[in-house]
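Everything quoted here is computed from the prediction, not taken from an experiment. All ligand and atom numbering here is 1-based and tracks the order in the structure. These values consider heavy atoms only, across backbone and side chains, with no hydrogens, waters or symmetry-generated copies.
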Amino acid sequence: MNGPLSRKLNMGLVGGGQGSFIGKVHSIAGVLDNRASLVAGALSSNPERAKDSASVYDIKPERAYGSYQEMISKELALPVGQRIDFVSIATPNHTHFEIAKSFAEAGINVICDKPMTFDLAQAEELVKVVEKSNVVFALTHNYTGYPLVRQAREMILSGELGEINAIRAFYIQGWLRTRLEVSGQKQAGWRTDPAKSGASGCFGDIATHAYNLARYMTGLLPMQISCHLKVFEAGRALDDYGTAVIRFQNGALGTVTASQISHGRENDLFIEVDGTKGSLEWHQEEPNKMWVRTNGQPHRLFTRDPNAPFMGDMAKASCRLPSGHPEAFLEAFANIYNATYDDIIRKLNGEKFAGKNTLYPNVYDGVDGMNFITRCVSSSTENGNWVNLNNSACRS
Ligand code: NAD
């Protein structure tokens, strides 16, 4: 829900230069519902490439900046309505904090990719900055935007599966089975570099998505964690495989397993949840189906169907197409943008916006994720010892 705004929002993009991956996805997701236009960018760490990349996005040359600092100062010089209303950050992890902080302090709303920061201290600092500057802050844990993920959340929170006892979340890839990073491949290069990725490789990059999905779907609060991280490709500095066991406050047990070294696996993010009355199973690579099972009854296959009576309101509102026409990654990503736009428009209209427990992942989810990575690394360093997970910032 949002109040009236008689214009589209103005989007800025940092990252997404030639040869990059997720910036392009942000640019598509951001405009998919015709609620925003991409008008400005600081698209690369290389000023020349940043400017050259602008034509790919139809960004006018005068708003293709050589750096994000230049983008902030030149955009602030424009009147509200012309200047960017928000920035999307699609750069490697070690740069998120400085960029997000600078835009937030300039009063510009932020949509940042995950993991939110390089380390936990930065994440906690960013919460303070966001609260003080009162900007809208979204984090693109985009898998929470899938209609059937939202359906699962509605079913679990309404008690349809009973008390939740167990969660198994996985994110399995195979692309780092060899040391791709030594070939100069850009995405592999920074992801396996501790100075750019953070304290963890595989867990920071993809287990955070699986953990966030488990937290979002069930609302359960984590209490303690025991984790083993491993490097299987000799010479690599950061984990390429790991498993964490999580004790939740309600007594449930969860596991998060992530791999970058499983032959043939692409982006196999999947989750299974067991409750006292039923269980469910959802796979990102087949996102328009979800199995729900109860002993003694036929297995139920939920499909993404905005007209079906079994679909909840939030799931229905997350669909754009009738059933049977596949919706996937881009649409789910756009659902995060859409929910964030509602709050940005509230802010522009001078209305209050929630900030916490939002439909879109927010800065507190970012701290939750960084806390998860940090505690996993600590536990693994201590041979899998149980460590407490501070959950004060967590959504329920
Ligand atoms: P990439 O290496 O493909 O692209 C990074 C881009 O950022 C490049 O264009 C680079 O030049 C630019 N850049 C770096 N520093 C910059 C700076 N200071 N100013 C302006 N531009 C700068 O990386 P990627 O795979 O697209 O990942 C980017 C981020 O997105 C990472 O944090 C990653 O974890 C995250 N990511 C999220 C998802 C998702 O599903 N949500 C998927 C992939 C990546």
Are Lys347 and Phe86 in a cation-pi contact, defined as NZ or CZ under 6.0 Å from the six-membered ring centre and within 45° of the axis? no

With sequence neighbours left out, the residues meeting side chain to side chain donor-acceptor pair (under 3.5 Å) with Arg168 are Glu272, Asp274

Within a strict 4.5 Å, meaning less than it, do heavy atoms of the Leu229 and Leu238 side chains meet? no

Lys230 to Tyr241, cation-pi by 6.0 Å centre distance and 45° axis angle:
no

Quick one: table the atom pairs, ligand 1 N or O against protein N or O, below 3.5 Å, distance rounded to 0.1 Å.
from, atom 1, to, atom 2, distance (Å)
ligand 1, 2 (O), Trp190, NE1, 2.9
ligand 1, 3 (O), Phe21, N, 2.9
ligand 1, 3 (O), Gln187, NE2, 2.5
ligand 1, 9 (O), Gly17, N, 3.0
ligand 1, 9 (O), Leu43, O, 3.4
ligand 1, 11 (O), Ser44, OG, 3.2
ligand 1, 11 (O), Ser45, N, 3.2
ligand 1, 21 (N), Ser45, N, 3.4
ligand 1, 23 (O), Trp190, NE1, 3.4
ligand 1, 25 (O), Arg191, NH1, 3.2
ligand 1, 25 (O), Arg191, NH2, 3.0
ligand 1, 26 (O), Phe21, N, 3.4
ligand 1, 26 (O), Ile22, N, 2.8
ligand 1, 32 (O), Thr91, O, 3.1
ligand 1, 32 (O), Asn93, OD1, 2.7
ligand 1, 32 (O), His96, NE2, 3.0
ligand 1, 32 (O), Lys114, O, 3.1
ligand 1, 34 (O), Asn93, OD1, 3.4
ligand 1, 34 (O), Lys114, O, 2.9
ligand 1, 34 (O), Lys114, NZ, 3.1
ligand 1, 40 (O), Asn142, OD1, 3.2
ligand 1, 41 (N), Asp113, OD1, 3.0
ligand 1, 41 (N), Thr140, O, 3.2
ligand 1, 41 (N), Asn142, OD1, 2.8

Q) Trp291 ring centre to Arg300 NZ or CZ under 6.0 Å, with the angle to the axis within 45°? A) no

Next on the checklist: Checking the side chain of Ser323 only, and the main-chain atoms of Asp305 only, is there a donor and an acceptor separated by less than 3.5 Å?
Outcome noted: no

